[in-house]
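Inspection log for the structure reproduced underneath, given as structure tokens.
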Number of protein chains: 2
Amino acid sequence: MTLRHAILGLLSKWDATGYDIKKEFDDFMSIFWHSHLSQIYPELNKLEAEELVTSRLVPQEGKPDRKVYSITNGGIDEITSWVGAPPDIPKIKDSFLMQVFFMDNISADDVIFQLKYYQGVRQKRLDEMKQTVQEAWESIVERQIMTPRLLMSSAVLRRGLEQEVQYIRWCEETIALVEACKSLWDTDTSPDSVLPFNDAKELMENYYNATLALENDEA
Amino acid sequence: MTLRHAILGLLSKWDATGYDIKKEFDDFMSIFWHSHLSQIYPELNKLEAEELVTSRLVPQEGKPDRKVYSITNGGIDEITSWVGAPPDIPKIKDSFLMQVFFMDNISADDVIFQLKYYQGVRQKRLDEMKQTVQEAWESIVERQIMTPRLLMSSAVLRRGLEQEVQYIRWCEETIALVEACKSLWDTDTSPDSVLPFNDAKELMENYYNATLALENDEA
DNA sequence: TCTCCATATGTAAATATTTATATATAATAA
DNA sequence: TTATTATATATAAATATTTACATATGGAGA
């Protein structure tokens with residue numbers, strides 16, 4: 001039931017077509033949401049049937065007509081009450097982290113390859129977001145305007161950026177850890193292979209201490 | 001198609017019933033995945049039909065029989081090849097961050113209330129995870145054993161912990177930002193309300209500079 | 001010239017996910 | 001005493017999501 005709120009939220013700022021909404025999902029909103037056109041179009045129909053949005057056709061030359069949606073007062077009530085409602089409990093799905101969890105099934109070199117690859121994927125996302133931050137800030141400076149809208153976008157953008165930076169950093173740390181512990185994989189091809197604990201003890205002790213100390217780090 | 005890999009991955013470590021798998025999803029695996037029993041049971045049936053797992057009934061007294069699943073060689077091939085396959089592009093769904101994105105629609109006080117509430121939710125998750133880290137480390141020290149399996153779990157656990165710590169920190173920072181910029185909300189009830197930019201300029205400049213500098217922070 | 005991409009709308013079919021319901025026992029908490 | 005929680009299985013119905021198909025034009029690049 002969140003796609004409807006993604007759409008209503010967008011339409012509370014600007015009028016837009018389904019196609020426009022999809023572009024927003026692929027661009028800025030990809031920090032926290034994504035969807036397909038084949039889900040957006042039917043959802044817009046539902047919202048219109050419920051009178052939370054209205055639409056009008058805007059003809060264009062050479063291209064299909066734009067079906068531009070606007071939010072109604074009912075739609076504004078709906079999005080406002082959702083924004084103020086108790087947040088859902090976090091429901092995380094991170095398929096890469098799941099792959100990592102099961103990577104004892106492959107060789108240390110393959111683990112490192114996967115981590116490096118994914119680090120690159122995240123770096124690309126980060127580069128794009130940095131571009132967005134830059135542009136957002138320049139536009140704020142140019143227009144000399146600050147609003148709650150811009151403030152909340154900035155906060156979300158920052159969260160998105162942090163997430164990328166920190167995932168990348170974790171990839172680096174994990175690569176270093178696996179690199180240092182390669183011998184754990186080498187002793188045996190069976191997944192139960194074990195090395196005398198002392199070989200990895202100091203490293204893991206540091207790792208666990210660092211993990212447990214995370215909360216007290218100052219930014 | 002990832003639930004099947006979550007299940008196969010687990011069964012590559014231990015035999016388990018659907019109920020056991022659900023508990024693991026709610027516990028450790030909640031760092032990166034979640035599911036319902038009503039999805040797990042049919043999926044186990046499918047996996048059995050494809051001969052990636054087998055099952056046997058283990059009678060119990062007073063309680064329903066346990067239907068214990070084991071992975072087959074075919075299942076091990078499937079999970080191994082998935083773990084080594086190119087990771088999916090990140091597909092994030094964070095409904096709270098979406099709420100934040102649209103919070104210019106509610107009052108500054110309500111924004112702060114929502115952020116504080118969610119910070120508490122994340123803190124609770126963090127406390128539980130810290131417990132898990134503590135236990136994991138104690139068990140490693142006690143058993144004097146280190147394996148690829150434990151190493152990868154440690155890395156995932158650390159990622160989970162970091163994620164909570166950093167989300168909490170972001171909530172704190174965002175609360176401070178909104179607190180400092182409350183006046184942006186007060187001038188007008190319309191969403192287009194604007195304050196002379198200078199009032200917020202220095203603060204936002206710092207915020208944007210900090211955001212753009214994120215990548216270069218040293219841990 | 002031909003193919004791909006962007007613009008723009010959608011439908012159909014296949015999957016995946018969530019919520020509700022059903023059954024049964026034992027222990028624990030209010 | 002009554003309600004809830006934990007153990008265990010599972011189905012049914014409702015939603016949500018993804019992938020594939022279908023149509024149409026104009027522009028950019030190979």
Side-chain angles (χ1 to χ4, degrees), chain A residues 1-8 10 14-27 29-30 32-50 53 55-69 82 88-95 98, chain B residues 1-8 10 14-27 29-30 32-50 53 55-69 82 88-95 98:
Chain A
M1 289 290 284
T2 319
L3 173 63
R4 67 190 298 107
H5 298 119
I7 293 174
L8 287 173
L10 268 189
W14 323 287
D15 288 357
T17 67
Y19 197 79
D20 294 335
I21 291 167
K22 169 62 174 162
K23 275 191 290 186
E24 208 62 39
F25 278 169
D26 290 343
D27 187 38
M29 290 177 81
S30 70
F32 56 82
W33 209 257
H34 63 95
S35 190
H36 293 261
L37 276 172
S38 55
Q39 201 187 355
I40 293 165
Y41 286 124
E43 193 64 43
L44 282 166
N45 285 333
K46 273 191 236 165
L47 290 171
E48 191 165 25
E50 294 174 48
V53 304
S55 71
R56 61 183 191 282
L57 284 174
V58 178
Q60 292 191 119
E61 277 168 42
K63 288 174 190 168
D65 292 354
R66 286 166 57 83
K67 194 169 176 184
V68 179
Y69 288 88
W82 179 74
D88 257 11
I89 55 155
K91 279 180 281 184
I92 298 167
K93 289 202 172 174
D94 181 337
S95 67
M98 184 158 110
Chain B
M1 292 288 284
T2 318
L3 174 63
R4 67 191 297 108
H5 298 119
I7 293 173
L8 287 172
L10 268 190
W14 322 287
D15 288 359
T17 66
Y19 197 79
D20 294 335
I21 291 167
K22 169 62 173 161
K23 276 191 290 185
E24 209 61 39
F25 278 168
D26 290 342
D27 188 38
M29 290 176 81
S30 70
F32 55 81
W33 208 257
H34 63 94
S35 190
H36 292 261
L37 276 172
S38 53
Q39 201 187 354
I40 294 164
Y41 286 123
E43 193 63 45
L44 281 166
N45 285 333
K46 274 191 237 167
L47 290 170
E48 191 164 26
E50 293 174 49
V53 304
S55 71
R56 63 184 190 282
L57 284 175
V58 179
Q60 293 192 118
E61 277 169 41
K63 289 174 191 170
D65 292 354
R66 286 167 58 82
K67 194 169 176 184
V68 178
Y69 287 88
W82 179 74
D88 256 11
I89 55 158
K91 279 180 283 185
I92 297 167
K93 289 202 171 172
D94 180 337
S95 66
M98 184 158 109

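Just so it is clear, the model here is predicted, and its values are computed rather than measured. Computed over heavy atoms, backbone and side chain alike; hydrogens, waters and symmetry mates excluded.
The side-chain contact (heavy atoms from CB on, under 4.5 Å) test applied to B:Asp27 returns no partner, not counting sequence neighbours. For B:Asp26, the side-chain contact (heavy atoms from CB on, under 4.5 Å) criterion is met by B:Lys22, not counting sequence neighbours. For B:Ser35, the side-chain contact (heavy atoms from CB on, under 4.5 Å) partners are B:Leu3, B:Phe25, B:Gln39, B:Ile40, not counting sequence neighbours. Take B:Tyr19 and apply the side-chain contact (heavy atoms from CB on, under 4.5 Å) test, not counting sequence neighbours, and it matches B:Thr17, B:Lys23, B:Leu37, B:Tyr41.
Note that the NZ atom of B:Lys46 and the CD atom of B:Glu50 stand 8.0 Å from one another [nearest 0.5 Å]. The CG atom of B:Leu47 lies 9.0 Å from the NE2 atom of B:His5; values are rounded to the nearest 0.5 Å. In this structure, CD1 in B:Ile92 is found 15.0 Å from NZ in A:Lys93, a value given to the nearest 0.5 Å.
For A:Glu24 (side chain) and A:Met29 (main-chain N/O), no donor-acceptor pair under 3.5 Å exists by modelled atom type.
Remark: C1' of C:dA8 and CG of A:Asp15 are 17 Å apart, rounded to the nearest angstrom. Rounded to an integer number of Å, the gap from B:Asp27 CG to D:dA6 P is 13 Å.
Taking side-chain N and O atoms only, B:Gln60 has no distance below 4.0 Å to OP1 or OP2 of D:dT7.
The overall bend of the helix from C:dT1-D:dA30 to C:dA30-D:dT1, read as the angle between its terminal helix axes built from five base pairs each, is 40° when rounded to 10 degrees.
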If the sugar-phosphate is the primed atoms plus P, OP1 and OP2 and the base is the rest, what is the B/S/- string for nucleotides 9-17 of chain D, using protein heavy atoms under 4.0 Å? BBBB---SS
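Counting any heavy atom pair closer than 4.0 Å across all strands shown, A:Lys22 reaches no nucleic acid atom.
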